[in-house]
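Structure record follows, encoded as C-alpha cells.
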Amino acid sequence: MGSATDRMLVFRLAGVGFTVNLDAVVEVVEQVAGLLDRGRHDLSADIVGALYFRRTWIPAIDPTLRLELTSETVATEKVALVLSGPEGNWAVLVDAVVGIHPVGKFSPAMLSPLLKAFMGHKLAHIDLLEGEPLVRFVPEHYYGSVVADR
Amino acid sequence: MRRLGLFRLGEISFAIPLARLLKIHNCIPCYPLPRLPEGICGVVVNGQQLVPVVDLFSLLPGASGRLNGTEYQILGESECGTIAFPATATCGIVAEQKGHLTSVEAETAQVTANFEYQQRIFQVLDIDSLVIGLTQGA
C-alpha cells in the first residue's frame with residue numbers, strides 16, 4: 001500500500017482542475033452547511049468564515065479571491081478540504097473533489113514563456129492527467145504567516 | 001510564393017501565413033486557468049504543451065460573437081511560443097496570388113491587410129503583434 005505522499009487529490013474550483021498532495025489533507029468535509037460560520041471572516045487574508053471541525057473552529061479560505069476566479073457553487077454546497085499547516089488545521093473551500101490518483105499518473109505540462117508571464121511563478125506548476133491540465137495547489141501560498149504577495 | 005491558411009470564426013474570416021501555421025486540431029477541449037488576461041480564453045493541450053487560446057472577438061475592434069461551439073483550434077507559431085485560434089470552420093490553404101491583398105481601412109497592429117478570395121474577405125493576422133499586445137496587458 002502506498003503512502004499518502006504517493007498520491008494526489010484532484011479538485012475543481014470554478015471549472016479549473018487543481019491537485020494537492022494527499023499528505024497535506026487531514027480530511028474532506030463533504031457537507032459544510034451548518035458547520036461554516038460566515039460571520040467570522042477576514043477577507044484581507046482570504047478567510048471567508050470559520051469551519052467547525054473536531055470540536056474547534058478553524059479558518060476557511062476561499063482561493064477564488066486570490067485566483068480571480070468566479071465560482072457558481074454557493075458556499076453551503078462547497079466541499080472543505082481540511083489541510084494541516086504549521087499553524088494548525090485550516091480549510092480550503094472547493095467546488096468538488098474529483099478523485100485521488102497516484103503521482104505516477106501525472107506528467108508535467110510545458111508552459112510557453114507567454115503563459116508563464118500571465119500566470120506567475122506560483123501557478124506555473126501544472127500537471128497533466130489524462131490530457132487535462134491541473135494546477136498544483138501549494139497550501140503555503142494561500143494560508144499561514146509566510147503568505148505574501150496579496 | 002507566400003501561402004495563407006484560411007479559417008472562419010463565426011461570420012469573420014481570417015488568414016495567417018502558412019509559415020506560421022503549425023497544426024489544426026479538431027474537437028479538442030479548451031480548459032480554463034486562473035489569471036489569464038483578457039484576450040486569452042483558456043488553453044488547449046498539444047502533446048505535453050499548454051497552448052493559450054486567443055479570443056479574437058475580444059481583441060479585434062468591431063468583432064463580436066461567442067466562442068462556444070468552436071470546432072477547430074488553429075495552432076500558430078509566434079515569437080513567444082505557440083498560440084491557438086478558435087475556429088468554426090477551416091477554409092483551406094491558398095497561394096497569395098490566387099486572391100488579392102488589399103490594405104485595410106483602419107490598419108491595426110493585429111490585422112495588416114485584407115485578402116480577397118472567392119468573394120470573401122479574410123483579415124490577415126499579424127501573430128507577433130497580437131502576442132505583443134497580450135503581453136503588454138499582462
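So you know, we letter chains A, B, ... as the sequences are listed, proteins then strands, and number each from 1.
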Please classify the contact of [X] with chain B as side chain, backbone, both or neither, using a heavy-atom distance under 4.5 Å.
| X | value |
| --- | --- |
| Leu67(A) | both |
| Ile126(A) | side chain |
| Leu114(A) | both |

Taking every non-hydrogen atom, the tightest pair across [X] and [Y]:
| X | Y | value |
| --- | --- | --- |
| Leu50(B) | Ala109(A) | CG-CB, 3.8 Å |
| Cys80(B) | Ser112(A) | O-CB, 4.0 Å |
| Val16(A) | Pro32(B) | CG2-O, 3.7 Å |
| Pro133(A) | Val43(B) | CG-CG2, 4.1 Å |

Open item on the list: Between Phe118(A) and Pro34(B), is there a side-chain heavy-atom distance shorter than 4.5 Å?
Closed with: no

TODO: Determine which pairs satisfy side-chain hydrogen bond (donor to acceptor under 3.5 Å, both in side chains) with at least one residue from residues 29-39 of chain A, sequence neighbours left out, and list them in order.
DONE: Asp37(A)-Arg40(A)

Linking I/L/V/M/F/W/Y whenever any side-chain heavy atoms sit under 4.5 Å apart, do [X] and [Y] land together?
| X | Y | result |
| --- | --- | --- |
| Leu9(A) | Val32(A) | no |
| Tyr72(B) | Phe7(B) | yes |
| Leu125(B) | Phe57(B) | yes |
| Leu51(A) | Val92(A) | no |
| Ile100(A) | Leu128(A) | yes |

Task: Any donor-acceptor N/O pair, Gln48(B) side chain to Pro108(A) backbone, under 3.5 Å - done: yes

Open item on the list: Please check this pair: side chain of Arg35(B) against backbone of Leu123(A), looking for a donor-acceptor N/O pair closer than 3.5 Å.
Closed with: no

Open item on the list: Between Asn46(B), Leu33(B), Thr82(B), Val51(B), who has the most heavy-atom pairs with chain A when the cutoff is under 4.5 Å?
Closed with: Leu33(B)

TODO: For Gln97(B), look at atom CD and say whether over 12 heavy atoms of other residues, nucleotides or ligands are found less than 6.0 Å away.
DONE: yes

Open item on the list: Around atom CZ of Arg3(B), are there more than 12 heavy atoms from other residues, nucleotides or ligands closer than 6.0 Å?
Closed with: no

TODO: Please flag which part of Ile83(B) lies under 4.5 Å from any non-hydrogen atom of chain A: side chain, backbone, both or neither.
DONE: side chain

Task: Pairs of heavy atoms under 4.5 Å with chain B: top-ranked of Leu13(A), Leu69(A), Leu115(A) - done: Leu115(A)

